[in-house]
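Report on one structure; see the data block that follows.
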Amino acid sequence: MKLEDTTAQNAFKYSWLLKRMFPFIKPYLVRIIIGFLVALPLGLLDGVTAFALKPYMDYVIGGSELNFSFGGFDFTFTNRQLAFIIPIGVVAFTALQGVLYYINQYICVWTTERITNDIKISLFTRMIGMDSKFFDDNSIGVLSVRYFQDPINASNQFVGQLKTIITTACSAIGLIAVMLYSSWELAIIGVLVLLCAFLPASLLRKRIKKASNANMVIFSKQGTHFIESCSGNRTVTGYNLLKRQDDLYQKYIREAFRVLMSLQKRQIWLSPLMHLISSVGVAVILGCGTFLINRGTLTAGGFASFLASLLLLYKPIKSLSSSITSIQGSFVAISRVFEVFDLESAIQEKPDAKTFDTLKSSIEFKDVTFEYDKDVEVLQNVNLKIAKNEKLAIVGNSGGGKSTLVNLLPRFYDIKSGSLTIDGTDVRDYTLSSLRNNIAIVFQDNYLFSGTIRGNIMMGNPDATQEELDLAVKSAYLTDTLAAMPDGIDTEIGERGVTLSGGQRQRIAIARAILKNAPIIILDEATSALDNESEAAVQQAMDNLMKNRTVFIIAHRLSTIENVDRIAVFNNGRLVELGTHDELMKIENGQFKELYNMQFHKQ
C-alpha cells in the first residue's frame with residue numbers, strides 16, 4: 001500500500017475516531033479529567049469582570065447603597081465600600097484564574113506528550129513489522145511524515161483543542177449567564193447573532209481534509225528529497241547536480257505554499273465575516289438596549305454589564321470556531337494514523353507455527369513462482385533442491401531473479417505459487433523469529449548502524465560472550481584493522497559506517513554473520529563492489545563463515561565460485577542450468593560457459 005495515496009476517509013466519523021483513540025487516552029484519563037475539571041471554572045471566571053460592571057455602575061457610579069440578605073443575615077455596603085471591594089474581587093478572581101490556567105496547561109502538555117509518545121511507539125512497532133514490499137512502495141519521506149508529523153497532530157491538537165473547546169465553551173456559558181441575568185431579551189438576540197457568526201467554520205471541513213492530505217504528500221516529497229540530497233551528497237557534487245536539487249526543492253516548497261494558502265484564504269475570511277455579523281448584532285443590541293433603558297426595564301449598569309459580556313463573548317466564540325477548525329485537522333491526522341495501524345503485513349505467521357531449530361536435511365524450491373507486481377512474474381516455476389552443508393552459487397543476467405530467490409528464504413516476500421520447504425516443512429509453517437534466527441545474510445551493501453563496531457557486530461548475537469566475539473573478529477580478518485583504530489572495536493563509525501572502507505564494512509558484516517552462527521548463510525554479491533585487495537581479504541573471511549554451513553552465494557565475479565558444490569544459472573526468472581563448475585563448462589553454447597568466457601576474456 002502506498003501511504004501517499006491514503007485519503008483519511010474516516011476523518012469525520014467522530015465516534016469511530018474517539019473509539020480508536022480511547023486505548024491511548026485511557027492510561028491518562030484521570031489526569032485528562034482533572035484538566036477538564038480545571039478548565040470548567042477557568043472558563044466560567046471570564047464572566048466575573050462583566051458581572052462586576054452592573055453593581056459598579058448601579059451602586060458605585062450611581063452613589064447608592066447595596067442591601068441584600070443571605071443566610072438570615074442582612075448586609076449593607078456603601079458605594080465607597082463597593083468601590084474598594086469590587087476591584088479587589090476582580091483582581092482576586094483574575095489571580096485564581098491564572099493559577100488554574102497554569103495547572104490546566106501543565107496537565108494538558110503532560111498528557112498530550114505522553115499520548116504522542118505512546119502513539120509513536122506503537123506506530124514504530126507497526127511500521128518496522130511491515131513486509132519488504134511495504135518499504136519498496138513507500139519512500140523514507142512518506143514514512144517520516146506519517147511517523148513524526150501525524151502522531152503530533154493527532155494527540156497535541158486533539159487533547160489540546162478539546163481542552164480549549166471546553167474552556168471556551170464554559171467561558172461562553174458564563175458570559176451568556178451574565179447576559180441572561182442582565183437582560184434575557186437582549187441575550188436571545190446576542191446568542192442568535194453569535195451562532196450565525198459561528199456557522200461558516202463548518203463549511204471548511206472537506207477543504208481541511210483535502211489540504212491536509214495534500215500537505216502530507218508534499219512534505220513527504222520534501223523529506224525524501226532532503227534525505228537523498230544529504231545521503232548522496234558526493235553524487236550531487238560530483239555530477240554538478242546542486243542546481244537541479246535546489247530547483248526541485250524550491251518546487252516542493254512552492255507546492256506546499258500553494259496548498260497552505262488555498263486553505264488559509266478560506267480560513268482568513270472567517271474573521272472579517274464574523275466581525276461583520278457581530279457588528280450587525282451589536283448595532284441591533286444597542287438599539288434594543290436603548291429602547292429597554294428608556295422603557296425602564298433595564299438599568300444603565302445592567303446594559304453596560306450585558307454589553308461587556310457580549311464583547312467578551314466574541315473572543316471565546318472566535319476561539320471556539322478556530323479550535324473546531326483545528327480539531328478537524330487533528331481528526332484527519334488521527335484517521336491517517338489509524339490507516340497505518342490497520343495495515344496488515346503481507347507476511348503473516350500462522351497461529352500454530354512450528355519452531356525451526358536447525359537445518360537437518362535440505363531446502364527445496366518446487367515449482368516456485370513469484371511476482372512483485374501483479375501479473376509480472378520475476379521467478380517462473382523454479383525447481384531446486386539444496387542439501388545440508390551444500391554451497392550453491394547463483395549466477396545469471398541482471399534482473400534474472402537471483403536476489404529474489406534467496407529473499408524468499410527468510411520470508412522477506414512470500415511466493416505466489418509452488419512451495420518452498422526446509423526439511424520438508426513449508427517456510428510459512430515456521431515462526432518468523434525461529435526461521436530468521438537460523439539464516440544469516442551478508443549483502444552487497446551491508447547496513448551498518450550509527451554507534452561502535454562492537455555494537456554492530458553484537459547485533460548478530462546480543463548474548464555472545466567476549467570469547468565468541470573475539471573469534472568472530474579473528475575469523476573475519478578484522479584483528480589488524482581494529483588494532484589500527486584509536487578505540488579499537490569501540491571506535492565510533494558514524495552514520496552507515498561512512499568512516500570505513502568498503503572492505504572494512506563487509507568484514508564487519510561477515511563478523512556479525514559469524515557471531516550469529518546460523519546454519520544457513522546467504523551471500524548476496526558480497527564482493528562485487530570491492531577492489532582486488534579488499535576482495536581477497538573479504539573472501540578469506542567468507543571462507544571462514546561458510547564452513548560447515550548451507551550457503552547460497554549470489555555471485556557477480558565468477559572467479560569467486562570455483563570451489564562451490566554446484567552452480568545455478570538464472571535467466572529472466574528461470575533456472576536454465578544447474579551443475580558443478582566443470583559440468584556447466586562442458587555444455588556447448590551453455591549460458592554459464594558464455595558468461596565465464598566473456599568475463600575472463602575481459603580480464
Side-chain angles (χ1 to χ4, degrees), residues 131-137 346-347 362-387 390-422 426-428 439 441-445 520-529 550-562 564-603:
D131 56 279
S132 297
K133 184 70 163 58
F134 173 81
F135 293 98
D136 294 341
D137 291 341
I347 308 301
S362 65
I363 299 169
E364 184 174 8
F365 296 81
K366 189 173 182 180
D367 295 322
V368 169
T369 297
F370 174 79
E371 58 187 28
Y372 291 106
D373 300 312
K374 188 174 176 59
D375 299 327
V376 182
E377 292 181 347
V378 179
L379 294 175
Q380 303 174 47
N381 302 109
V382 175
N383 288 280
L384 181 62
K385 189 171 184 178
I386 304 94
E390 181 180 3
K391 294 166 182 57
L392 177 76
I394 304 170
V395 302
N397 65 316
S398 179
K402 304 185 295 296
S403 295
T404 299
L405 183 78
V406 295
N407 284 338
L408 299 177
L409 271 173
R411 291 190 69 194
F412 292 161
Y413 305 91
D414 273 341
I415 61 177
K416 175 187 177 185
S417 61
S419 66
L420 170 53
T421 60
I422 299 178
D426 195 295
V427 292
R428 290 168 291 191
I439 301 172
I441 308 174
V442 179
F443 299 98
Q444 177 182 352
D445 182 19
I520 302 170
I521 304 294
I522 296 173
L523 304 174
D524 192 349
E525 301 199 66
T527 64
S528 64
T550 306
V551 184
F552 294 81
I553 308 170
I554 298 175
H556 174 71
R557 297 185 181 180
L558 302 184
S559 60
T560 63
I561 60 169
E562 290 183 350
V564 300
D565 297 308
R566 286 190 299 165
I567 300 170
V569 185
F570 278 78
N571 188 14
N572 296 325
R574 293 183 179 276
L575 175 61
V576 294
E577 293 174 7
L578 178 65
T580 65
H581 181 273
D582 291 340
E583 288 172 345
L584 295 182
M585 289 299 290
K586 292 176 182 178
I587 300 175
E588 283 296 325
N589 300 318
Q591 293 198 25
F592 176 78
K593 184 177 181 179
E594 182 181 353
L595 286 170
Y596 190 86
N597 288 335
M598 284 176 61
Q599 191 168 118
F600 280 90
H601 177 70
K602 287 180 180 179
Q603 291 177 2

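The basis for the numbers below is simple: all heavy atoms, side chains too, and nothing from hydrogens, waters or symmetry mates. Fair warning: this is a prediction, and the values are worked out from it, not measured in the lab.
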>> Asp524 vs Ser403, test: side-chain hydrogen bond (donor to acceptor under 3.5 Å, both in side chains). Steps then yes/no.
In response: CA-CA 7 Å; Asp524 192 349; Ser403 295; 3.2 Å; yes
> Please walk me through it: do Val569 and Leu584 pass side-chain contact (heavy atoms from CB on, under 4.5 Å)?
Replying inline: CA-CA 9 Å; Val569 185; Leu584 295 182; 4.0 Å; yes
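- To the nearest 0.5 Å, atoms OG1 (Thr550) and CG (Leu392) are separated by 10.5 Å.
- Shortest non-hydrogen contact noted between Lys593 and Met585 is CD-O, 3.3 Å.
- Under a 3.5 Å cut-off, the side chain of Asp131 and the backbone N or O of Phe134 do form a donor-acceptor pair.
- Between Arg566 and Ile386, the closest heavy-atom pair is NH2-CA, 4.0 Å.
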> Could you go step by step and tell me if Leu384 and Leu578 meet the side-chain contact (heavy atoms from CB on, under 4.5 Å) rule?
Replying inline: CA-CA 9 Å; Leu384 181 62; Leu578 178 65; 3.7 Å; yes
> Does the side-chain contact (heavy atoms from CB on, under 4.5 Å) test come out yes or no for Asn397 and Asn572, once each step is laid out?
Replying inline: CA-CA 7 Å; Asn397 65 316; Asn572 296 325; 3.3 Å; yes
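- To the nearest 0.5 Å, atom CG of residue Asp565 and atom NE2 of residue His581 are 13.5 Å apart.
- The shortest distance between side-chain heavy atoms of Ile394 and Ile553 does not fall below 4.5 Å.
- Using a cut-off of 4.0 Å between Lys/Arg side-chain N and Asp/Glu carboxylate O, Lys133 and Asp137 are scored as salt-bridged.
- For Gly418 against Arg428, the heavy-atom pair with the smallest separation is O-NH2, 3.8 Å.
- One distance of note links CG of Leu408 with CG of Asp414; it measures 8.0 Å at 0.5 Å rounding.
- Atom CG in Asn589 sits 8.0 Å away from atom CD in Glu594 (nearest 0.5 Å).
- The ring pair (Phe, Tyr, Trp, His ring centres under 6.0 Å) test applied to Tyr372 returns Phe370, Tyr413, not counting sequence neighbours.
- In this structure, Asp426 contributes its side chain and Thr421 its backbone to no donor-acceptor pair below 3.5 Å.
- Of the listed residues (Ile521, Ile520, Ile439, Ile441), just one forms a side-chain contact (heavy atoms from CB on, under 4.5 Å) with Phe552, and that residue is Ile520.
- We find the CZ-CG distance between Phe365 and Leu379 to be 8.5 Å, quoted to the nearest 0.5 Å.
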> Stepwise, does the side-chain contact (heavy atoms from CB on, under 4.5 Å) test hold for Leu523 with Val551?
Replying inline: CA-CA 8 Å; Leu523 304 174; Val551 184; 4.1 Å; yes
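- Considering all non-hydrogen atoms of both residues, Ala555 and Val395 come closest at O-CG1, 3.9 Å.
- Judged purely by atom type and a 3.5 angstrom limit, Asn383 uses its side chain to pair as donor or acceptor with the backbone of Asp367.
- For Val378 against Gly401, the heavy-atom pair with the smallest separation is CG1-CA, 4.2 Å.
- The distance from atom CD1 of Ile347 to atom OG of Ser132, rounded to the nearest 0.5 Å, is 7.5 Å.
- Using cut-offs of 30° and 60° on the angle between ring planes, the pair Phe443 and Phe412 is parallel.
- When each of Ile554, Val576, Leu405 is tested with Phe570 by the rule side-chain contact (heavy atoms from CB on, under 4.5 Å), just one qualifies, namely Leu405.
- Asn571 and Gln591 share a donor-acceptor pair across their side chains, judged by distance under 3.5 Å alone.
- Legend: residues meeting salt bridge (charged side-chain N to carboxylate O under 4.0 Å, His left out) with Lys416, ordered by chain and number and at least two apart, are Glu371, Glu377.
- Looking only at side-chain heavy atoms (C-beta outward), Glu364 and Leu420 stay at 4.5 Å or farther from each other.
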